[in-house]
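Right, one structure below, let's go through it.
Please read these numbers as outputs of a predicted model, since none were measured by experiment. Atoms considered below: every heavy atom in the structure, side chains included; atoms not considered: hydrogens, waters and symmetry mates.
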Amino acid sequence: MLGGRLRRRADPQPPRALPGAAGARASARREGFAHVPATRLAFDSACQTLRPQPVLDAVLAHDRDGGACGGRVQYDAGRRVDAEIADVRRAVLDAFALSPRRYACAFTANTTAGLNALLHQLPAGRFTRVITTHTEHNAVFLSTMTFARRAGIPRIVVDRASDGSPVIGDIDLTDALLVVSAMDNVDGTVAAGLADLVERAHRRGGVVIVDAAQAAPHALSRLRGVAADAFCFSSHKMYGPTLGLVVATSALLDTLEPMFLGGGQVARVGEDDYELLPDLHTRLEPGSLPGSAIVGFGAALRWFLPQLSAIEADERALAERLAAGLERMPNLTLESPAPSPVMSVRPHRVDAHRLAVFLSRAGVEVRSGHFCAHHWLAERRGLPPLVRFSLGAHNTADDVDAALAALEPMMRGL
């Protein structure tokens, strides 16, 4: 059994039918998601978004018609892969409104891998302290912990204000490393004042690395104009295949002391020495690149960016609809301070994991647990596991209404 022991009367009962789950839908899915059944009520985009059809088609075409190894060949198929990957790098910088003269785009396994690759290859002795916040995802919280131990420097963990901005106060930012998220993984708050924080750190010789895993898909417009030294995020949270990305300044990449080396990074190798390629993105790309995933993410950007404003507006409207329903729900506390595409709730008298199981049986896909924010939720706030609803471009008003209709009798029956 998941969670604590419960009396039989506390077991929520799934409804027999979901309104809107079959037959005609009042709100059609966004173009690209016709393959997603009306009966699939997916609310876990904060972990991984559903892929629109153009992304599925691009991956299939690449694997079927190309599938070549780029970077080390002279034949046409390999050269096409190289050109496609270069196009995606440029598209990513364009998406963030960053200049290729100052920034480079590298591909990693995921956001966590990108953060760790950056932090653990930074030069020894460069930083006086590392600063992060209590609310961070484990990707940031743990990597800053191990970085500080390895570097032998203090690690300062600060609170966030109600607007999501890190409370730096009078902390000395001279040669400090700041690693913070742009959007909360639990309650969906988008951090205010990031651009000002970056400017303040830069004035003192500091470096700012931003975890953009949630902000890139849900608040990309808020990231534009933020001159951070690096952004780490994931394709698979942004309608693409499983893939991580690091967008970093050339100046930062040039300081890295590579620990992970292999093919695709070196221009020359001697018996006891080597020479790195001049392309700075290769500092984070040992070995062969996942061509299918990269090409798929290029297709995701071509699908996503032209309708960015519309998607963000739709997510705001759906978030308000969902938040209003959750706030009215009995035996449930909404832990998010405002409607957001990422919202968490604390159920009463029932374990969150058990509730997620019953929602799944009713066709509603949600996340349960501490969402890789164990320090913040379990240790700092003493909260039990929560249930998280996260919206994506595939969601409709029908989805929201059907999920609320499934949840309400479960909560009333406690």
Side-chain angles (χ1 to χ4, degrees), residues 1-7 10 12 43-48 110-113 115-116 119 130-149 154-167 178-191 211 213-215 232 234 237 323 326-327 329 331-338 340-360 365-390 407 410-411 414:
M1 183 181 77
L2 295 170
R5 183 179 300 277
L6 298 172
R7 294 189 294 270
F43 292 91
D44 197 19
S45 292
C47 178
Q48 185 163 219
N110 47 52
T111 301
T112 301
L115 285 162
N116 277 275
L119 265 63
V130 59
I131 301 168
T132 191
T133 82
H134 287 290
T135 67
E136 301 301 331
H137 186 284
N138 286 339
V140 170
F141 206 76
L142 295 175
S143 62
T144 55
M145 191 185 301
T146 54
F147 169 77
R149 289 175 181 173
R155 175 172 173 266
I156 301 171
V157 185
V158 302
D159 288 315
R160 289 191 184 244
S162 59
D163 63 0
S165 58
V167 182
L178 292 84
V179 189
V180 296
S181 63
M183 181 173 175
D184 193 273
N185 170 63
V186 176
D187 66 22
T189 300
V190 179
D211 170 4
Q214 298 301 330
C232 301
S234 294
K237 300 181 190 296
L326 292 173
E327 287 176 335
M329 203 70 61
N331 297 310
L332 201 70
T333 298
L334 181 61
E335 293 291 340
S336 297
S340 168
V342 179
M343 290 185 287
S344 296
V345 296
R346 174 164 49 90
H348 306 301
R349 302 178 64 191
V350 62
D351 176 76
H353 297 302
R354 172 169 281 185
L355 179 59
V357 168
F358 277 90
L359 283 170
S360 176
E365 302 171 13
V366 296
R367 199 84 166 169
S368 59
H370 289 118
F371 320 125
C372 296
H374 297 84
H375 162 73
W376 173 236
L377 292 179
E379 181 183 56
R380 187 82 171 174
R381 297 184 60 196
L383 290 177
L386 307 178
V387 171
R388 185 179 67 190
F389 291 80
S390 50
L407 180 61
M410 296 182 189
M411 303 315 296
L414 294 176

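- Looking at R160 and T133, their side chains do bring a donor and an acceptor atom within 3.5 Å of each other.
- Within the 4.5 Å cutoff, side-chain heavy atoms of H348 are placed close to those of T333.
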| said: Walk me through whether H374 and N138 qualify under side chain to side chain donor-acceptor pair (under 3.5 Å). | reply: CA-CA 7 Å; H374 297 84; N138 286 339; 3.0 Å; yes
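- No hydrogens or angles considered: nothing links the side chains of S181 and H137 as a donor-acceptor pair under 3.5 Å.
- Using a 4.5 Å cut-off on side-chain heavy atoms (C-beta onward), Q48 and S234 make no contact.
- At least one donor-acceptor pair under 3.5 Å links the side chain of K237 to the backbone N or O of A46.
- Side-chain N or O atoms of R367 include none that pairs as donor or acceptor with a backbone N or O of D44 at under 3.5 Å.
- Taking CG from L407 and CG from L326, the interatomic distance works out to 6.5 Å, rounded to the nearest 0.5 Å.
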| Derivation of the side chain to side chain donor-acceptor pair (under 3.5 Å) call for T132 and T144 | CA-CA 7 Å; T132 191; T144 55; 4.6 Å; no
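- Atoms CD1 and CD1, on I156 and I131 in that order, are 5.0 Å from each other to the nearest 0.5 Å.
- A donor-acceptor pair under 3.5 Å links the side-chain atoms of S143 to the main chain of A139, judged by distance alone.
- Cation-pi geometry between R155 and F141 is satisfied (NZ or CZ under 6.0 Å from the ring centre, within 45° of the ring normal).
- From R381, atom CZ reaches atom OG1 of T135 across 10.5 Å, with rounding to the nearest 0.5 Å.
- Atom CG of residue N116 and atom OG1 of residue T146 lie 6.0 Å apart, to the nearest 0.5 angstrom.
- Nearest heavy atom pair, residue S340 against residue G188, reads OG-O, 3.0 Å.
- Counting only distance, with no hydrogens or angles, the side chain of E136 and the backbone of V180 share no donor-acceptor pair below 3.5 Å.
- Heavy atoms only, all atoms of each residue included: V345 and P347 are closest at O-CD, 3.5 Å.
- Interatomic distance, M343 CE to E327 CD, rounded to the nearest 0.5 Å: 8.5 Å.
- With 3.5 Å as the limit, one finds no donor-acceptor pair spanning the side chains of E335 and S344.
- For the pair M410 and L359, the minimum side-chain heavy-atom distance is below 4.5 Å.
- Among all heavy-atom pairs drawn from P385 and A352, the shortest one is O-CB, 3.2 Å.
- S336 places no side-chain N or O within 3.5 Å of a backbone atom of A338 that could act as its donor or acceptor partner.
- Using a cut-off of 4.0 Å between Lys/Arg side-chain N and Asp/Glu carboxylate O, D159 and R380 are scored as salt-bridged.
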